[in-house]
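Not measured: the values here are computed from a predicted model. Atoms within a ligand are numbered from 1 in the order they appear, just like the ligands themselves.
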Amino acid sequence: MASETRRVTVLGAGLMGHGIAQVCAQAAGYDVTLIDVKQEFLDRGMLMIRESLAKFVAKGALDKGKAEEVLSRVHPTLDLAEAVGRAQLVIEAATEDPKLKLELYRRVSEHLAPGATLASNTSSISITLLASATRSPENVAGMHFFNPPQLMPLVEVVRGAKTADSTVEVVRAAAKDMGKETVLCKKDSPGFIVNRVLVQALNEATLLVSEGVADPEDIDKAVMLGLNWPMGPLKLLDYIGLDTALGISKVFMDEFEDSKYRPSPLVKQMVRAGLLGRKSGRGFYEWGSPSSTKASSGR
Ligand code: 3HC
């Protein structure tokens with residue numbers, strides 16, 4: 001049975017936000033408002049949704065008419081007050097910057113309808129901290145999707161220190177509407193479950209590059225064939241964004257105060273150089289188009 005959630009607002013039309021909005025409209029049939037701070041970000045988000053829907057149509061998983069219907073359920077806007085005020089569930093997928101997010105949570109809280117749920121797609125920032133910027137921390141939880149949200153079947157549901165049981169249930173039920181499996185993080189711990197495991201593995205892969213142990217292609221090939229990963233760790237880093245991965249490592253360093261989470265100097269350097277991965281056109285690989293992956297020589 002579908003949950004009571006029907007109207008959802010997604011904050012942020014970027015890599016994760018557009019995909020979450022699409023899943024809300026496509027799999028759950030929700031009425032979705034997609035908000036960002038600039039028209040060009042919204043336009044790009046809507047374009048990414050169109051491109052993704054076209055992929056589903058091309059492989060016969062969705063007919064053209066249905067794709068149009070999905071698109072018509074996503075309403076882009078720049079008006080935060082209106083977008084937030086009408087939502088039963090707000091899913092925040094803004095940039096992973098604690099300062100920016102705290103200010104956003106304060107503003108969202110002013111417009112949130114009584115009893116509405118505010119869920120964060122943060123990959124590492126404390127849910128308890130984000131909730132502390134709102135008037136109703138009991139209505140705030142983590143709802144962590146994986147990239148690309150249209151395909152990845154998992155959502156981590158995260159309980160903050162003050163999250164109510166009913167909020168956990170709203171988020172779980174919404175994830176189920178979206179066709180996702182859920183796991184519950186009972187404690188609000190940095191990186192939750194998956195990123196705690198993943199970030200260490202990705203960091204080791206970058207150390208293998210900087211120590212000259214193997215080339216990126218061989219590291220990726222080894223992990224794909226040796227561990228059966230669908231994509232090697234360096235390609236995955238490009239896919240996630242080196243800046244995003246670096247941000248997560250920094251949160252781990254701060255929160256756990258343990259040097260084992262120190263990001264590799266190579267990743268720091270690449271971020272400084274704007275080699276962020278797929279989104280900037282180059283990282284460990286050259287990304288002429290999403291499916292072309294030639295090792296770059298710019299490391
Ligand atoms: N929308 C719709 N369909 C899509 C799509 C999208 N955005 N992206 C890819 N597809 C489809 C393609 O059309 C293709 O369909 P087909 O097999 O029927 O032809 C299929 O997915 C495979 O796509 P590609 O051939 O382009 O590329 P890949 O074979 O490399 O698959 C992938 C892409 C599904 C992303 C796969 O490589 C994969 O599972 N990679 C691992 C992803 C992963 O680990 N994600 C988690 C990252 S961690 C995270 O997000 C947490 C964060 O906090 C950091």
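The contact set between ligand 1 and L151, taken as ligand atoms under 4.0 Å from a residue heavy atom, comprises 3 (N), 4 (C), 5 (C), 8 (N), 9 (C), 10 (N), 11 (C), 21 (O), 34 (C). Close contacts between ligand 1 and P230 involve ligand atoms 38 (C), 39 (O), 40 (N), 41 (C) [criterion: under 4.0 Å to a heavy atom]. Less than 4.0 angstrom separates some heavy atom of F56 from each of these atoms of ligand 1: 2 (C). Within the listing of ligand 1, atoms 42 (C), 43 (C), 45 (N), 46 (C), 47 (C), 49 (C), 50 (O) sit less than 4.0 angstrom from a heavy atom of N147. Proximity to S123 (heavy-atom distance under 4.0 Å) selects the following atoms of ligand 1: 53 (O). Atoms of ligand 1 lying under 4.0 Å from any heavy atom of L198, numbered from 1 in the order shown and given with element: 48 (S).
For V194, no heavy-atom contact with ligand 1 is shorter than 4.0 Å. If you look at S52 next to ligand 1, the close heavy atoms, those under 4.0 Å, come from the backbone and the side chain alike.
Electrostatic pairing of R86 and D31 counts as a salt bridge here, judged by a charged N lying under 4.0 Å from a carboxylate O. Electrostatic pairing of R159 and D165 counts as a salt bridge here, judged by a charged N lying under 4.0 Å from a carboxylate O. Between K279 and D238 there is no salt bridge, since none of the side-chain N atoms of the basic residue sits less than 4.0 Å from a carboxylate O of the acidic one. No salt bridge links E110 with R107; every basic N to acidic carboxylate O contact stays at or beyond 4.0 Å.
Between S249 and P263, the shortest heavy-atom contact is CB-CB, 3.8 Å. Heavy atoms only, all atoms of each residue included: V8 and C24 are closest at CG1-SG, 4.0 Å.
Residue pairs meeting the side-chain hydrogen bond (donor to acceptor under 3.5 Å, both in side chains) criterion with at least one partner in residues 93-103, sequence neighbours excluded, are E92-K101, E96-K101, E96-T122, E96-S123, E103-R106.
Here H111 contributes atom NE2 and D79 contributes atom CG; the two are 8.5 Å apart, rounded to the nearest 0.5 Å.
Under a 4.0 Å heavy-atom criterion, Y239 is in contact with ligand 1. Using a 4.0 Å cutoff on heavy atoms, H144 counts as a contact of ligand 1.
When only interatomic distances are considered, the shortest N/O to N/O separation between K235 and ligand 1 does not fall below 3.5 Å. Below 3.5 Å of separation, one finds no N or O of T244 facing any N or O of ligand 1.
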What side-chain donor-acceptor pairs closer than 3.5 Å can you find for residues 133-143, not counting sequence neighbours?
residue, atom, partner, partner atom, Å
T134, OG1, A131, O, 2.7
T134, OG1, S136, N, 3.4

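Compare K59, K55, M231, M16 by their heavy atoms: the one nearest to atom 20 (C) of ligand 1 is in K59.
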